[in-house]
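Single-structure report; data block below.
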Amino acid sequence: MCGIVGYAGPREATPILMEGLSRLEYRGYDSAGLAVHDGADIRILRSPGKLARLAGLLEGRQLPGTLGIGHTRWATHGPPSEQNAHPHASGDVVLVHNGILENHAELRRALEKKGRRFTSQTDTEVFAHLIDEELGRRPLEQAVARALARVRGTYALAVLSRREPDRIVVARSSSPLVLGLGRGENLVASDIPALLGHTRDFVFLEDGDLAVLTAARVEIRTLAGEPVARPTRRIDWSPLMAEKGGHKHFMHKEIHEQPRALADTLTGRILHGRADVRLDDLRFEAAELKALGRVVIAACGTSYHAGLVAKFLIEWFARLPVEVDLASEFRYRRPVVGKGDLLVAISQSGETADTLAALREAKRLGARTLAVCNAVDASIPRAADGVLYTHAGPEIGVASTKAFVTQIGALFLLAVRLGRARRKLSPEEAGRQLEALAGAPELLEAVLRDEARIEAVARAYAQTRDFLYIARGANYPIALEGALKLKEISYIHAEGYPAGEMKHGPIALIDEHVAVVAVACQGESYEKMLSNLAEVRAREGQVIAIGQAGDEQLGALAQHQIHVPRALPSVAPMVNVLPMQLLAYHIADFHGTDVDQPRNLAKSVTVE
Ligand code: M6R
């Protein structure tokens with residue numbers, strides 16, 4: 001998500017921090033800032049927008065000093081602005097943060113009651129106040145450890161204190177942080193590329209580590225103060241490889257980021273004890289949710305497929321009728337939408353012209369509107385009455401992957417909220433569903449561990465020119481998404497169909513040259529899927545089946561099987577899409593296409 005760089009050494013910190021931040025620019029960000037200690041005081045400079053704007057501000061100003069921290073922010077709490085840009089300060093403490101603080105709202109309330117004044121809308125500023133509160137006469141390192149004992153959430157932190165001009169205290173929990181070891185200088189960053197110009201020797205911090213960096217040394221301890229040893233690794237990646245975290249393409253990196261991204265979507269939102277969810281920006285009272293007569297979803301491409309999955313979830317949990325529209329069709333079909341309807345606009349970028357127009361049209365007709373979006377403060381969330389951010393982090397590959405899984409995660413939370421508000425979902429069932437959702441990131445990990453098998457299937461079918469993707473129920477949108485992924489990045493013809501429709505047309509296509517990718521997990525409609533696959537085999541079609549390991553019936557019908565773990569029907573679509581993404585990715589990679597920037601496509605479609 002956001003980027004962190006820190007420097008302690010004999011050289012001027014500002015140019016090193018700016019260079020490091022510029023090497024993280026590819027990840028996307030919306031504001032940037034620096035803090036540099038000159039031995040007596042810490043000066044802070046922040047700016048919304050790109051680094052060039054910060055560099056412009058630096059031209060007229062001095063930020064001297066050999067100890068400093070820098071940050072590029074990708075907004076999560078509060079829109080991009082100077083006030084919300086990092087570093088944040090309180091008293092003698094100045095810091096930068098990546099991650100999401102779960103209990104920030106309650107901590108903020110408690111701190112405000114004690115008279116502390118906040119100047120931003122960020123969760124990060126809570127850290128600054130907490131550490132300042134703990135600082136008293138303590139060393140910075142201890143104050144950070146004590147403050148961290150009071151927070152829940154994910155963080156990579158780099159902290160300065162006016163009183164200790166020789167050190168940066170850093171800590172991590174779930175957000176990456178790496179130390180770069182130099183000669184007579186030490187550095188820290190959220191990602192390796194930021195530091196490759198200065199060192200090749202890296203120490204990767206682990207969750208629960210707290211480290212103190214000075215020019216001369218780094219010391220790593222647990223939050224309890226116990227020293228820990230972490231190995232030094234030599235990294236010989238090229239700068240381009242480093243940007244992609246060692247992955248060949250951003251798309252591959254983003255596929256692998258999905259367990260983490262989904263966990264970020266859920267962070268702080270599941271109220272386990274109350275079998276409900278907390279959605280801070282939703283801005284609709286329970287009474288209003290209860291009074292809704294219908295949900296209408298409008299979106300494009302992959303986001304539309306997430307909407308199709310949401311239809312199942314909302315109808316299951318909230319017993320509320322849901323219509324899903326392609327946003328490009330919605331506004332031209334004189335839609336019957338108005339009071340009593342909730343229009344949900346789903347968009348990764350928040351800038352898709354058709355989706356924005358659909359939302360505005362629904363609003364004009366009197367519907368309430370909700371944006372499910374990844375990019376904070378983009379046009380779509382700004383135009384909506386309420387917002388549900390997905391917190392997937394920047395997605396660079398044109399083919400959407402982690403945005404999709406996190407959209408479904410966010411929509412799952414919405415469905416539970418609707419179900420609870422409308423009293424259609426019992427506390428027991430809500431608890432069961434939320435427990436399953438909280439466990440979903442682990443299921444995604446399990447699929448990723450089986451990538452070699454999927455790559456082998458991709459190799460076997462790399463020359464196939466026609467693919468049919470079939471599934472039933474909530475997995476049908478996953479078939480559509482699998483086909484879209486393959487078309488987009490490999491330029492191979494692929495179509496998604498509900499398996500029950502096979503006999504009504506597409507079966508005419510089947511022969512030995514056609515590959516049929518089928519989701520056939522055990523559970524509802526499993527037997528029907530087996531029958532569909534038998535029909536494909538009878539016509540010599542090639543079957544690639546996604547199902548459970550050890551399923552012999554399925555094995556007998558499929559040329560190739562890809563295994564996915566068992567999951568509740570509500571969670572299965574999130575899990576089952578991963579093999580589809582990996583299959584498309586590896587087929588495209590065998591063809592050597594430009595996976596991250598496929599021909600004719602743009603990441604954000606801001607024109608009709
Ligand atoms: O930013 P959005 O989610 O509104 O974008 C919608 C589509 O343009 C997008 O999902 C597109 O289909 C992707 N290339 C799919 O991988």
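Any value given below was found using the heavy atoms of this structure, including those in side chains, with hydrogens, waters and symmetry copies removed. Just so it is clear, the model here is predicted, and its values are computed rather than measured. We count ligands from 1, going down the list as the structure has it; atoms in each ligand are counted the same way.
- Of the listed residues (L486, I546, L468), just one forms a side-chain contact (heavy atoms from CB on, under 4.5 Å) with V517, and that residue is I546.
- Atoms of ligand 1 lying under 4.0 Å from at least one heavy atom of V398, given by number and element, are 13 (C), 14 (N), 16 (O).
- The protein non-hydrogen atom at the shortest distance from atom 6 (C) of ligand 1 is C300 O, 3.3 Å.
- Residue-ligand proximity, S349 to ligand 1, at heavy-atom distances under 4.0 Å covers atoms 1 (O), 2 (P), 4 (O).
- At under 3.5 Å, not a single nitrogen or oxygen of T355, backbone or side chain, sits near a nitrogen or oxygen of ligand 1.
- Taking the six-membered ring where tryptophan is involved, the planes of H86 and H97 are essentially parallel, since the angle between them stays under 30° and well short of 60°.
- Protein heavy atom at the shortest distance from atom 10 (O) of ligand 1 is T302 N, 3.1 Å.
- Short contacts between ligand 1 and S347, defined as distances under 4.0 Å to a heavy atom of the residue, involve ligand atoms 1 (O), 2 (P), 3 (O), 4 (O).
- Side-chain N or O atoms of E395 include one that pairs as donor or acceptor with a backbone N or O of A403 at under 3.5 Å.
- Cation-pi geometry between R368 and F284 is not satisfied (NZ or CZ under 6.0 Å from the ring centre, within 45° of the ring normal).
- Of the protein's heavy atoms, E488 OE2, 2.5 Å lies nearest to atom 14 (N) of ligand 1.
- Between the CG atom of L313 and the CG atom of L437 there is a distance of 9.5 Å, given to the nearest 0.5 Å.
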Practice prompt. Dump the intermediate steps for ring pair (Phe, Tyr, Trp, His ring centres under 6.0 Å) on Y491 and H591, then the final yes or no.
Written response: CA-CA 10 Å; Y491 321 139; H591 285 275; 9.0 Å; no
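- Protein heavy atom at the shortest distance from atom 8 (O) of ligand 1 is V605 CG2, 4.1 Å.
- Look at L601 and you'll find every heavy atom at least 4.0 Å from all atoms of ligand 1.
- With contacts defined as side-chain heavy-atom distances shorter than 4.5 Å, the pair E451/H586 qualifies.
- When only interatomic distances are considered, the shortest N/O to N/O separation between T352 and ligand 1 falls below 3.5 Å.
- Each of T124, T122, N98 was checked for a side-chain contact (heavy atoms from CB on, under 4.5 Å) with R73, and the lone residue meeting it is T122.
- A heavy-atom distance below 4.5 Å is not found between the side chains of K363 and L343.
- When each atom of ligand 1 is checked for a heavy atom of A399 under 4.0 Å away, the hits are 16 (O).
- Of all atoms in ligand 1, numbered sequentially from 1 with element shown, those under 4.0 Å from a heavy atom of Q348 are 1 (O), 2 (P), 3 (O), 4 (O).
- Counting heavy atoms only, G301 comes closest to atom 12 (O) of ligand 1 of the residues G301, A403, S400.
- Within the structure, ligand 1 has K485 among the residues with a heavy atom less than 4.0 angstrom away.
- The S303 neighbourhood of ligand 1 comprises atoms 2 (P), 3 (O), 10 (O), with distances under 4.0 Å to a heavy atom of that residue.
- The shortest distance between side-chain heavy atoms of L443 and M574 does not fall below 4.5 Å.
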